[in-house]
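Just so you know, these numbers use all the heavy atoms, side chains as well, and skip hydrogens, waters and symmetry mates. Naming convention: chains lettered A, B, ... in sequence-line order (proteins, then strands); numbering from 1 in each chain.
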Amino acid sequence: MLLRMSTLLLKTLREEPADAEVPSHRLLLRAGFIRRAAPGGYTWLPLGKLVLDRVTDVVREEMAAAGGQEVSFPALLPREPYETTGRWTEYGDDIFTLQDRRGADHLLAPTHEEMFALLVQDLTSSYRDFPLLLFQVQTKFRDEARPRGGLLRGREFLMKDAYSFDLSEAGLTEAYGRMRLAYQRIFERLGLTHTIVSAVSGAMGGSASEEFLAAAEVGEDTFVGCTACDYAANTEAVVTPAPAGLPAAAPDLEVHDTPDTPTIASLVEFANARALGGRTDWTAADTLKNVVVTVHHPGGKDELLAIGVPGDREVDLKRLNAVLAPATATLFDDFESRPDLVKGYIGPQGIKIRYRADPRVAPGTAWLTGANEPGRHATNVVAGRDFTPDDTIEAADVRAGDPCPSCGSGALTIRRGIEIGHIFQLGRRYTDAFAVDVLGADGKPVRPTMGCYGIGVSRAVAAIAEQHHDERGLIWPASVAPADVHIVAAGRDGQVEAALQLGATLARAGVRVLVDDRPNVSAGVKFTDAELIGIPRSVVVGRRLAEGYAELRDRRDGTRQELPLVDIAGVITTEVG
RNA sequence: CGGGUAUUGGCGCAGCUUGGUAGCGCGCUCGGCUUGGGACCGAGAGGGCGCAGGUUCGAAUCCUGCAUACCCGACCA
């Protein structure tokens, strides 16, 4: 490959685009890899397309190595299959739907579980056809409420989705493990530093689930790690350890007048000022905060739910919604309609709606909490004695320093990452929905179980840019760079010709070459553009050409070395391998 | 979907308070000069100010409504 910048469709931007915030978005725009074409939709320019294709190639190679077979479905699909599995309504507003000229409903697929299950139903009939691993690289559509960060969250994006079909749990587990390894290899080859975290499987349904998160400050996913062990999990998946040991028996419940104390802060201040219960060392953690939410079920029914968490914690709506999925929750605020719920003074004793408590509110623990009357609170309210929650719930926020649920000795740390891959064992949700059965060895029908494995390919390009750049521009890993070498003809006097000649030699040897042969562009501009574009290795054909020398530069560490021009092709060909 | 900010040539911005028919830098075109770190000189092309109404002799500037984008939050792979 030999690309000449004199004819390349490329325009680098000297100034920062006003509406790009995150580094990957800014740099990909400035370096001329992408252009915004629609809200949440980007055009791949020649340099960007080269990177995207190289990333896709890595993914394809590893999928094939893991035994995957590539297929490709339409992105435009009819309603029926998604109606059958319930996702037409469950996915709700996030699906792009449209009607054809006859008024029939269609959708632009957000993922393709239905189609893969139907394809397997169509083309298999015997246990001999299994196991099966299929994948595709396809444009997906989601009507994101808020596209952001350029390629990080678009409404149209490139995704690799793979699906395994097995007839036994052991087979599924094996396929899952194989894909997990393939993913690690892929992200390693892409130069993406990542962490595998336990996750919840979201709208797709399913059980065992792990996310691959690329470490990045701009990442939308918060996850936790442990200071002592290798535990890592999405905050939604963090399980709160119940306090160890039974607390001492508390005295009887006592109700106190606590006027004007509708918040935890005001309550603690009041309690200490008046030595409530003889104590002056009350903290927010001694109080029990009860938050009322409205739970919206997909069917359309609403239900009130009260959630009890220690007063020093907030209810984390992300965690709560993960627990309640597919139902969703919003904060309840229409207290006028419910006189039994006294805002600011709610207590779990005798509450008339469903009540679920944080695991820290374990049986035997005593709390300072609302007395369900305006201006009154109660002390020594003991879980299991004065009230019994309907259930526990993981809704309290997770904080750095919380004890690790895995080893118990370490403390949790909080980090941010970009979700670049998600794997999970789907089970039979989709094969059940379509009654996908094949004949087993014993002559009886067997129903395949599915695994689902996704990689955001276009998002991965952004993630790579996030992890590989400096103040001057992008620095692509060699595995995905738009070219292996960037040859800069610094000036005149035959330098352009020499650069093109070197480029041609390298291209014949199978090296991907970008030559800056632009006439009437100063060397300074060319150097700056080369650093912005970020090809890891460059050759400057310039002032020492007359002596037969050129300069080899390393974009990452900035080192330069002068080499005889006649040796350069050999050196580079060897390095590129 | 809630809150905030913004919308003026390809990009980045000024002008709006105090209405008089649009300007700067970069980029682009042509000529000259220059050629190892985002040159210089000269001559040009290109917008009627997000959209729709309204006020006014006159609106980028004032009023009303709408749209879009970005940021924060909600939601989400």
Side-chain angles (χ1 to χ4, degrees), chain A residues 11-22 25-26 29-30 32 35-36 38-40 90-95 109-113 140-150 152-155 157-161 199-204 206 209-213 218-221 234 236 296 316-318 320-322 325-326 328-331 417-424 452-460 472-473 488-493 495-496 516 518-532 538 540-545 550-551 553 558 560 562:
Chain A
K11 172 96 142 185
T12 56
L13 304 177
R14 183 178 298 200
E15 289 173 284
E16 298 288 349
D19 52 7
E21 285 290 320
V22 305
H25 189 196
R26 243 177 34 226
L29 278 173
R30 279 194 58 207
R35 300 288 291 181
R36 198 186 84 91
E90 243 171 64
Y91 236 107
D93 291 339
D94 287 345
I95 279 192
T111 60
H112 283 77
E113 281 81 357
K140 308 285 184 183
F141 299 86
R142 296 198 192 159
D143 189 357
E144 292 288 347
R146 182 186 159 204
R148 50 158 304 198
L152 284 177
R153 173 171 299 283
R155 306 172 98 184
F157 55 98
L158 195 65
M159 180 175 180
K160 186 283 302 176
D161 48 332
V200 290
S201 36
M204 246 66 64
S209 172
E210 289 173 296
E211 283 178 9
F212 291 71
L213 300 182
V218 300
E220 295 179 274
D221 286 53
N234 201 302
E236 283 93 323
H296 311 281
D316 179 336
L317 280 175
K318 275 193 178 184
L320 174 61
N321 279 307
T328 57
T330 52
L331 282 178
I418 299 164
E419 184 185 349
I420 45 176
H422 195 167
I423 58 177
F424 52 98
C452 169
Y453 319 92
I455 289 179
V457 178
S458 47
R459 178 183 278 185
R472 291 164 180 258
V488 175
R492 286 184 174 165
D493 306 323
Q495 291 167 7
V496 168
D516 195 342
R518 291 176 292 178
N520 304 317
V521 173
S522 73
V525 171
K526 291 182 178 179
F527 293 149
T528 315
D529 276 346
E531 281 156 353
L532 181 58
S538 66
V540 180
V541 178
R543 60 189 166 201
R544 293 199 62 197
L545 174 65
E551 185 180 290
R553 292 188 180 186
R560 310 171 179 191
E562 301 272 356

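Checked by distance alone, A:Glu551 brings a side-chain donor or acceptor within 3.5 Å of a matching partner on the base of B:G36. Interface remark: the A:Arg36 side chain does not form any donor-acceptor pair with the B:G10 base, using a distance-only criterion of under 3.5 Å. Scanning atom types as modelled, one donor and one acceptor separated by under 3.5 angstrom connect the side chain of A:Arg142 and the base of B:A77.
Comparing B:C1 with B:G15, their C1' atoms sit 35 Å apart, to the nearest whole Å. Remark: the separation of the P atoms in B:C57 and B:C16 is 24 Å, to the nearest Å. If you take atom P in B:G20 and the same atom in B:A60, they sit 9 Å apart, rounded to whole Å. Atom name P, nucleotides B:G58 and B:G53: the rounded distance is 16 Å, in whole Å. B:U21 sits 15 Å from B:C49 when the P atoms are compared, rounded to a whole Å. Going from the P atom of B:U5 to that of B:A45 covers 40 Å, rounded to whole Å. On the C1' atoms, B:C72 is 30 Å away from B:U61, given to the nearest whole Å. Nucleotides B:C33 and B:A14, compared at atom P, are 39 Å apart to the nearest Å.
One finds the CZ atom of A:Arg472 at 8.0 Å from the OG1 atom of A:Thr528 (value rounded to the nearest 0.5 Å). Between atom OG1 of residue A:Thr12 and atom CG of residue A:Asp529 there is a gap of 3.5 Å, rounded to the nearest 0.5 Å.
Across every strand in view, B:G53 sits in a pair with B:C63 that passes the Watson-Crick or G-U test at under 3.5 angstrom. As the counterpart of B:G31, B:C41 is assigned, both hydrogen-bonding distances of the Watson-Crick or G-U wobble pattern falling under 3.5 Å. Across all strands shown, B:C75 remains unpaired; no Watson-Crick or G-U wobble contact has both distances below 3.5 Å. Across the strands present, B:G47 finds no partner; the criterion is a Watson-Crick or G-U wobble pair with both atom distances under 3.5 angstrom. Under the Watson-Crick or G-U wobble criterion, with both distances below 3.5 Å, B:C24 is paired with B:G12. Partner assigned to B:A6 is B:U68, using Watson-Crick or G-U wobble distances below 3.5 angstrom.
Looking at heavy-atom distances under 4.0 Å, A:Ala18 makes contact with sugar-phosphate atoms alone, never a base. A:Arg155 comes within 4.0 angstrom of no nucleic acid atom, judged by non-hydrogen atoms across all strands. Using a 4.0 Å heavy-atom criterion, one finds that A:Pro110 contacts no nucleic acid atom at all. When heavy atoms are screened at a 4.0 angstrom cut-off, A:Gly454 is found touching no nucleic acid atom at all. Nucleic acid contact class of A:Glu531 (heavy atoms, under 4.0 Å, all strands): base. Among the atoms of the strands shown, none is found under 4.0 Å from any heavy atom of A:Val488.
Applying the salt bridge (Lys or Arg N to Asp or Glu O under 4.0 Å) criterion to A:Lys140, with sequence neighbours excluded, gives A:Asp161. With sequence neighbours excluded, the residues satisfying side chain to side chain contact (heavy atoms under 4.5 Å, CB included) with A:Asp143 are A:Phe96, A:Arg155. Considering only residues two or more places apart in sequence or on other chains, A:Ala329 meets the side chain to side chain contact (heavy atoms under 4.5 Å, CB included) condition with A:Val293, A:Leu320, A:Asn321, A:Leu324. Taking the side chain to side chain contact (heavy atoms under 4.5 Å, CB included) definition, one finds that A:Val496 meets it with A:Ala489, A:Leu500, A:Asp517, sequence neighbours left out. Remark: A:Arg153 engages A:Glu144, A:Glu220 in a salt bridge (Lys or Arg N to Asp or Glu O under 4.0 Å) (not counting sequence neighbours). By the salt bridge (Lys or Arg N to Asp or Glu O under 4.0 Å) test, A:Arg544 pairs with A:Glu547, A:Glu562, sequence neighbours left out. Residues satisfying the side chain to side chain contact (heavy atoms under 4.5 Å, CB included) criterion with A:Asp221, sequence neighbours excluded, are A:Glu211, A:Leu213, A:Asn234, A:Glu419.
Counting to the nearest Å, the P atom of B:C70 and the CZ atom of A:Arg26 are 16 Å from each other. Whole-Å rounding puts the A:Glu15 CD to B:G9 P distance at 14 Å. Here B:C72 presents its P atom at 13 Å from CG of A:Asp19, a figure rounded to the nearest Å. Following rounding to the nearest Å, A:Leu158 (CG) and B:A77 (C1') show an atom-to-atom distance of 14 Å. At whole-Å resolution of the value, CD in A:Glu562 and P in B:G36 are 14 Å apart. With rounding to whole Å, A:Leu152 atom CG is found 15 Å from B:C70 atom C1'. Whole-Å rounding puts the A:Asp516 CG to B:G36 P distance at 14 Å. To the nearest angstrom, P of B:C28 lies 10 Å from CZ of A:Arg518.
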Start with the C-alpha distance between A:Arg142 and A:Thr111, add both sets of side-chain angles, then the distance that settles side-chain contact (heavy atoms from CB on, under 4.5 Å), and finish with yes or no. CA-CA 9 Å; A:Arg142 296 198 192 159; A:Thr111 60; 3.0 Å; yes
Could you walk me through whether A:Arg459 and A:Ile418 pass the side-chain contact (heavy atoms from CB on, under 4.5 Å) check? CA-CA 8 Å; A:Arg459 178 183 278 185; A:Ile418 299 164; 3.7 Å; yes
Go through the steps for A:Ile455 and A:Phe212 under the test side-chain contact (heavy atoms from CB on, under 4.5 Å), then give the verdict. CA-CA 9 Å; A:Ile455 289 179; A:Phe212 291 71; over 6 Å; no
Which letter, B, S or -, goes with each nucleotide of nucleotides 38-50 of chain B from 5' to 3', with contact meaning a protein heavy atom under 4.0 Å? BS-----------
Can you pull every protein N or O that's under 3.5 Å from an N or O on nucleotides 73-75 of chain B?
{"from": "B:G73", "atom 1": "N7", "to": "A:Arg146", "atom 2": "NH1", "distance (Å)": "3.3"}
{"from": "B:C75", "atom 1": "OP1", "to": "A:Asn321", "atom 2": "ND2", "distance (Å)": "2.5"}

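Base orientation of B:G25: anti, since the glycosidic angle falls outside 90° of 0.
Remark on RNA chain B: of its neighbouring residues A:Ala38 and A:Lys11, the 5'-side contact belongs to A:Lys11, judged by nearest-heavy-atom nucleotide. Each of A:Asp221 and A:Val540 lies near RNA chain B, and the nucleotide nearest A:Val540 is the one positioned closer to the 5' end.
Electrostatic pairing of A:Asp516 and A:Arg518 counts as a salt bridge here, judged by a charged N lying under 4.0 Å from a carboxylate O.
With distances taken from any side-chain atom of A:Asn520 to the nucleotides B:U34, B:A77, B:C28, the minimum falls on B:U34.
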